[in-house]
2 protein chains.
Amino acid sequence: MLTIGKIAKASGCKVQTIRYYEQIGLIAAASRTEGNQRLYRQADVDRLQFIRHARSLGFSTDTIKDLLTLENHSEMSCAAVDNIAREQLALVQGRIKQLQSLAKELESMISQCAHEDIAHCKILQALHEHDHCDDHKPLDV
Amino acid sequence: MLTIGKIAKASGCKVQTIRYYEQIGLIAAASRTEGNQRLYRQADVDRLQFIRHARSLGFSTDTIKDLLTLENHSEMSCAAVDNIAREQLALVQGRIKQLQSLAKELESMISQCAHEDIAHCKILQALHEHDHCDDHKPLDV
DNA sequence: CTTGAACCTCTAGCGACTAGAGCTTTTAGA
DNA sequence: TCTAAAAGCTCTAGTCGCTAGAGGTTCAAG
């Protein structure tokens with residue numbers, strides 16, 4: 001059995017993050033020692049690594065919950081899993097397209113900069129001309 | 001003079017968002033009518049459009065604040081603006097690289113799927129093998 | 001037996017909004 | 001002129017996935 005600190009090291013998740021995952025129901029509540037400290041089994045390391053890997057691929061915690069539920073139905077077809085992965089890929093690809101469009105616009109703005117003074121700055125001018133640009137939505141990079 | 005609803009339409013920002021921008025100091029507090037309603041000038045439309053365009057390019061509100069401050073120093077060199085834009089471009093490009101790496105891994109996982117049952121699902125298996133993958137950080141897509 | 005590391009819970013903060021409750025003001029039509 | 005609806009107001013809380021800190025308890029090593 002492992003304490004939360006040990007399993008944090010073993011899984012690569014932070015202690016706080018593991019407690020957070022328990023709180024949102026992504027992992028089951030751990031058993032406790034007499035002194036109320038969490039105790040984990042080796043199998044929990046695997047589960048946390050799974051979560052970490054899925055998170056690193058951009059899956060939301062809700063989606064990961066779905067994936068973990070599906071894992072418990074080993075006789076089912078994996079079509080659902082396949083769909084989730086494809087949706088995630090589509091999401092990532094869509095995001096790449098958006099960002100490429102941003103990069104293009106930024107590059108074009110920067111290339112026009114003649115390094116003069118602020119009054120003649122092409123970058124600021126370009127930022128004032130929203131009409132002429134593709135109408136992207138506000139976007140966190 | 002425009003009410004907040006009018007300027008929202010004119011600028012493409014939402015009413016709530018405009019009040020939020022005032023709150024965080026991105027735009028100056030608007031003058032008010034006797035009945036305490038905000039009043040805007042035409043110039044404010046331009047400022048909001050500028051903000052919207054910059055946000056759509058992924059600039060943070062803090063960075064936009066800097067850009068707007070720079071605009072008031074029209075005699076200065078635009079080197080600072082240029083730097084901000086280049087940093088933003090670097091940020092976007094870095095993000096694209098990350099996402100491309102994710103997309104690649106997702107594609108590889110999906111291509112291995114033999115559409116059998118969950119017990120043999122290559123996608124789930126791949127998610128369990130964090131060791132063998134590039135160690136990306138958790139990432140919001 | 002002491003000390004300090006690791007654990008516990010609970011709360012608040014991040015960023016950039018968004019949504020809703022509960023109120024007041026304005027505007028348009030009868 | 002009256003009334004009803006639309007639009008405005010403030011304030012609070014929620015989103016997502018953590019992260020950090022306060023203030024307390026438990027455990028392990030020396």
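A, B, ... follow the sequence lines: proteins, then strands. Residue 1 opens every chain. All values below were derived from every heavy atom in this structure, side-chain atoms included, with hydrogens, water molecules and symmetry-related copies excluded.
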More than 12 non-hydrogen atoms from neighbouring residues, nucleotides or ligands closer than 6.0 Å to NE2 on A/H120, yes or no? no

Would you say [X] places a side-chain N or O within less than 4.0 Å of OP1 or OP2 belonging to [N]?
| X | N | result |
| --- | --- | --- |
| A/T17 | D/dC18 | no |
| A/R55 | D/dC16 | no |
| B/R32 | C/dT24 | no |
| B/R38 | D/dC9 | yes |
| A/Y20 | D/dC16 | no |

Nearest-neighbour nucleotide for the B/Q37 side chain, C/dG20, D/dC9, D/dT19 considered: D/dC9

With nearest nucleotide decided by heavy atoms, which residue, B/S60 or B/T33, maps closer to the 5′ end of DNA chain C? B/S60

Atom [atom1] of [X] to atom [atom2] of [N]: distance rounded to whole Å?
| X | N | atom1 | atom2 | result |
| --- | --- | --- | --- | --- |
| A/I4 | D/dT25 | CD1 | C1' | 15 Å |
| A/M1 | C/dC7 | CE | P | 14 Å |
| A/Q23 | D/dC16 | CD | P | 14 Å |
| A/I51 | D/dC18 | CD1 | C1' | 14 Å |
| A/Q16 | C/dG13 | CD | C1' | 13 Å |
| B/L26 | C/dA16 | CG | P | 10 Å |
| B/N36 | D/dA7 | CG | P | 19 Å |
| A/L2 | C/dA6 | CG | C1' | 15 Å |

Map B/G5 and B/D140 onto DNA chain D by nearest heavy atom, then report which one ends up closer to the 5' terminus. B/G5

Reference residue B/H128; test side-chain hydrogen bond (donor to acceptor under 3.5 Å, both in side chains); the match among A/R47, A/H53, A/E71: A/E71

Base, sugar-phosphate or nothing for [X]? Non-hydrogen atoms, less than 4.0 Å.
| X | value |
| --- | --- |
| B/I24 | nothing |
| A/R19 | base |
| A/Y21 | sugar-phosphate |
| B/D62 | nothing |

Given 3.5 Å as the limit, does a donor-acceptor pair link the side chain of A/D46 with the main chain of A/A43, or not? no

If we ignore hydrogens and angles and just use 3.5 Å, is the side chain of A/K65 paired with the main-chain N or O of A/I24 as donor and acceptor? yes

Evaluate B/Q49 against B/R52 for side chain to side chain donor-acceptor pair (under 3.5 Å), listing each step before the verdict. CA-CA 5 Å; B/Q49 280 177 339; B/R52 197 161 91 88; over 6 Å; no

